[in-house]
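Numbers here are sequence positions counted from 1. Both counts, for ligands and for their atoms, begin at 1 and track the order of listing.
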Amino acid sequence: MVQTLALNETLKNRSVLSLMEWSPAEIQRVLYTARVMKQEPRSPSFRHALEGQHIALIFELPSTRTRVSFQVAIESLGAQAVVFEWNQSQLGRGEPIKDAARVMSRYVSGVIARVKSHDTLQEWQKWAGCPIFNALTNRMHPFQALADVMTVWEKFGYMSGLKLAYVGDGNNMANSLLVLGAKLGIDVWIAAPSGYQPPLDLVRWAQQEAQLTGAGVHITEDAQLAATNADVVVTDVFSSMADDPSSADTKRAVMAPYQVNAKLMALTKSEAIFLHCLPAHRGEEVTDEVLEGPQSAVFDEAENRLWVQKSVLYHVLADSSAVLGG
Ligand code: CP
């Protein structure tokens with residue numbers, strides 16, 4: 001038990017923008033703590049870990065899961081969440097991030113932000129004197145990917161060597177799964193149409209990282225090839241929040257052959273699971289039959305947002321003096 005409570009000093013005060021800079025051991029450590037937290041939800045061990053701290057949650061885009069799960073995680077660690085909307089603050093009226101970031105970090109010990117552009121989040125990190133946590137940008141959704149791999153680990157008992165097929169828009173979820181797959185030795189296949197695949201710089205980075213972990217990195221236009229013998233199938237909406245609304249119909253038409261349906265799932269291994277970060281558009285990127293079917297693990301996946309976020313906040317922000325056995 002003491003081992004599970006021990007803080008990992010290398011994670012202290014680290015930001016989470018993409019997890020590209022985190023080592024496999026650091027990622028495994030937060031996943032392990034997340035599972036301990038989930039197994040012992042009423043344990044007093046973590047209740048006071050962030051006592052006296054305030055953590056800001058800023059939203060430039062809508063959210064259900066991220067907002068609630070972060071707020072619950074913060075408060076269950078003994079801290080207080082300060083939640084506000086971008087457009088109802090001076091940020092929405094054009095206050096420079098370099099000013100807001102320096103001010104906010106005088107008040108709070110961490111800033112969790114959902115912003116349209118990844119560049120905006122990098123600007124926050126540049127100027128803030130406290131850790132910044134990515135609650136979704138156009139490029140990355142790291143906490144969702146952490147919840148996904150935690151769900152995979154729970155279902156299979158291991159992660160390395162499993163075949164994970166992401167089918168659909170090569171968006172922030174595809175990018176984040178490439179990152180974590182490369183870190184954790186997962187055989188990641190991204191099936192997306194030409195023009196909607198992950199950026200080349202990220203694919204090259206994942207290929208390099210995969211050499212250290214034995215992971216696979218495959219980018220294809222062939223959804224059937226990706227799904228064949230897959231252990232995990234993942235998709236996401238065809239048109240994301242940050243996309244230009246005028247291109248949504250064109251994009252949906254291009255994406256239509258990438259729907260996850262019973263025919264596609266029939267190509268996977270018999271014990272394969274289906275993941276979707278939600279919210280889903282039933283009948284578009286996934287059929288109701290798959291989403292509600294026996295292979296679907298989407299609600300475990302959604303729950304795991306809470307545990308991975310609680311674990312990361314604990315390792316990044318807790319003082320060892322506030323942690324039992326720390
Ligand atoms: N999966 C996810 O990020 O959900 P929300 O948009 O509801 O936060």
Subject >> S69 and Q309 side chains, donor-acceptor separation under 3.5 Å >> reply: yes
Original post:
ring pair (Phe, Tyr, Trp, His ring centres under 6.0 Å): which pairs involve residues 202-242, sequence neighbours left out?
Top reply: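 Those involving residues 202-242 are W189-H218.
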**OP:** Identify the heavy atoms of L180 and L19 that sit nearest to each other, and give their distance.
**Re:**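 Where L180 meets L19 most closely, the heavy atoms are CD2-CD1, 3.8 Å.
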Subject >> R139 versus N175, closest heavy-atom pair with distance >> reply: O-ND2, 2.9 Å
Original post:
Can we say K183 and E209 salt-bridge, meaning some charged N sits less than 4.0 Å from an Asp/Glu carboxylate O?
Top reply: yes
**OP:** Hey, can you tell me if F143 and F133 have their rings parallel, tilted or perpendicular (30° and 60° cut-offs)?
**Re:**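 Rings of F143 and F133: tilted, as their planes differ by 30° to 60°.
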Subject >> Close-range residues for ligand 1, whose non-hydrogen atoms fall below the 4.0 Å threshold >> reply: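 Answer by chain and number: S63, T64, R65, T66, R114, H141, Q144, C277, L278, R305.
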